[in-house]
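So the structure is just underneath, and the comments pick up after that.
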Amino acid sequence: MRPCIVITGASSGIGAACVQRFLAEGWDIGAVGRRCDRLEALAKAGGERVRPIVADLSQEAGIAAIARGVEAWRKDLAAIAHCAGDFLVAPIEATTPAEFERIWRITVWAKHMLTRALLARLEGRGAPKAIVHVASLAAHEDFAGETAYMSAMHGLIGLARAQDIELRDRGIRAAVVSPGLVRTELTERSGFGAAALEQALTPGAIADSVFQLVKTIREGGYIGEIFHRPGVGPSRSTLSGPQN
Ligand SMILES: NC(=O)c1ccc[n+]([C@@H]2O[C@H](COP(=O)([O-])OP(=O)(O)OC[C@H]3O[C@@H](n4cnc5c(N)ncnc54)[C@H](OP(=O)(O)O)[C@@H]3O)[C@@H](O)[C@H]2O)c1
């Protein structure tokens, strides 16, 4: 039976590139997003190998709907790729409680809640299972005006570390890809200039790293984190620090 992955953010950008990459590698895909038309188009192109799951990850009802969708489809998940997310540039005074919460909710809360909801599907015999998070260089470098985003991305690294240390004895590893600027709908709508976007990474390059992390874990190895800086090739690092 083909291995199976749930990919969030499947309707655009990095998540959509991951759908194409895992399809090309022979995987079945549970494709999560809110835009039904985009997911239906993926399913049309991927045939029975792509299962569209329309849900809002920022709501408990959406998390429950994804769990039900996966349950009705496949019992045995090999991996989750958490690619859904958003971005916010705003000075501290302009970052409203609602905006701060929205960014933290999609960046950290949703990834904990979805992992929690799918954990029983990930466990089981066979090759180790993988949880991959798409974080950002903003988890490691300083960017003024990104209070909500930077803090949430630091939180996401913490979440990934916590998942990895708690789940590794159960045959599940968590890892992270941290990109700089990637040319997607997110960056197109966020006001980055043409010069910056010209230098930006491609979603396909990030999808390659997501696939590399999953493959390495399934083969019994481990890479904690892959960084992507525009203009520089990807580099690898530990996720959990020297004590691990
Ligand atoms: N692009 C960059 O330069 C860059 C750099 C570093 C890190 N990142 C991070 O990478 C992740 C993906 O970004 P991207 O550039 O691929 O952005 P994108 O093209 O805008 O894609 C974002 C995806 O997230 C989904 N999503 C957002 N909110 C959701 C919600 N509440 N429920 C369900 N799905 C939701 C969107 O689907 P629907 O709209 O269909 O729901 C969409 O598929 C983000 O966390 C971003 O911060 C991006």
Side-chain angles (χ1 to χ4, degrees), residues 6-21 29-43 50 52-67 69 80-89 98-99 101-114 117 132-141 143 146 148-157 159-160 176-193 196-207 209-210 225-231 234:
V6 167
I7 299 175
T8 71
S11 51
S12 70
I14 296 166
C18 284
V19 170
Q20 298 308 329
R21 181 62 206 260
I29 291 145
V32 178
R34 291 168 300 184
R35 281 171 291 178
C36 191
D37 54 334
R38 297 281 185 97
L39 300 181
E40 293 295 348
L42 283 176
V50 177
I53 305 175
V54 180
D56 185 342
L57 283 158
S58 69
Q59 304 298 320
E60 280 188 54
I63 301 288
I66 298 167
I80 307 171
H82 294 278
C83 304
D86 209 340
F87 179 61
L88 179 69
V89 181
E99 283 290 78
E101 183 175 343
R102 183 178 67 80
I103 292 295
W104 266 82
R105 215 168 164 83
I106 190 64
T107 308
V108 185
W109 182 92
K111 286 149 188 171
H112 163 67
M113 293 297 285
L114 185 61
V132 175
H133 296 281
V134 176
S136 165
L137 284 186
H140 303 284
E141 297 177 5
F143 299 93
E146 297 186 9
Y149 186 72
M150 245 183 93
S151 62
M153 283 299 176
H154 277 71
L156 178 55
I157 299 292
L159 180 80
V176 172
V177 180
S178 290
L181 201 65
V182 187
R183 191 169 193 143
T184 65
E185 290 177 19
L186 181 153
T187 39
E188 302 273 356
R189 70 175 175 266
S190 299
F192 289 94
L197 289 179
E198 200 128 294
Q199 305 296 319
L201 299 153
T202 65
I206 312 310
S209 289
V210 172
E225 185 162 8
I226 299 181
F227 298 90
H228 280 262
R229 289 182 175 81

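Both ligands and their constituent atoms are indexed starting at 1 by order of listing. Below, each value reflects all heavy atoms present in this structure, side chains not excepted, and no hydrogens, waters or symmetry copies.
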Side-chain donor-acceptor distances from residues 53-64 under 3.5 Å, at least two apart:
residue	atom	partner	partner atom	Å
Asp56	OD1	Ser58	N	2.8
Asp56	OD1	Ser58	OG	2.7
Asp56	OD2	Ser58	OG	3.4

Does Val210 reach the side chain of Arg21, with side-chain heavy atoms less than 4.5 Å apart? no
Which protein residues have a heavy atom under 4.0 Å from ligand 1? Gly9, Ala10, Ser11, Ser12, Gly13, Ile14, Gly33, Arg34, Arg35, Ala55, Asp56, Leu57, Ser58, Cys83, Ala84, Gly85, Asp86, Ile106, Val134, Ala135, Ser136, Tyr149, Met153, Pro179, Gly180, Leu181, Val182, Thr184, Glu185, Leu186, Thr187, Arg189
Check Glu185 with Arg38, please: is the shortest side-chain N to carboxylate O separation under 4.0 Å? yes
With sequence neighbours excluded, tell me which residues meet ring-ring contact (aromatic ring centres under 6.0 Å, His included) with Phe87. Tyr149, Phe192
The single option from Ile80, Leu159, Ile157 passing side chain to side chain contact (heavy atoms under 4.5 Å, CB included) against His133: Leu159
The side chain to side chain donor-acceptor pair (under 3.5 Å) partners of His154 (sequence neighbours excluded) come to none
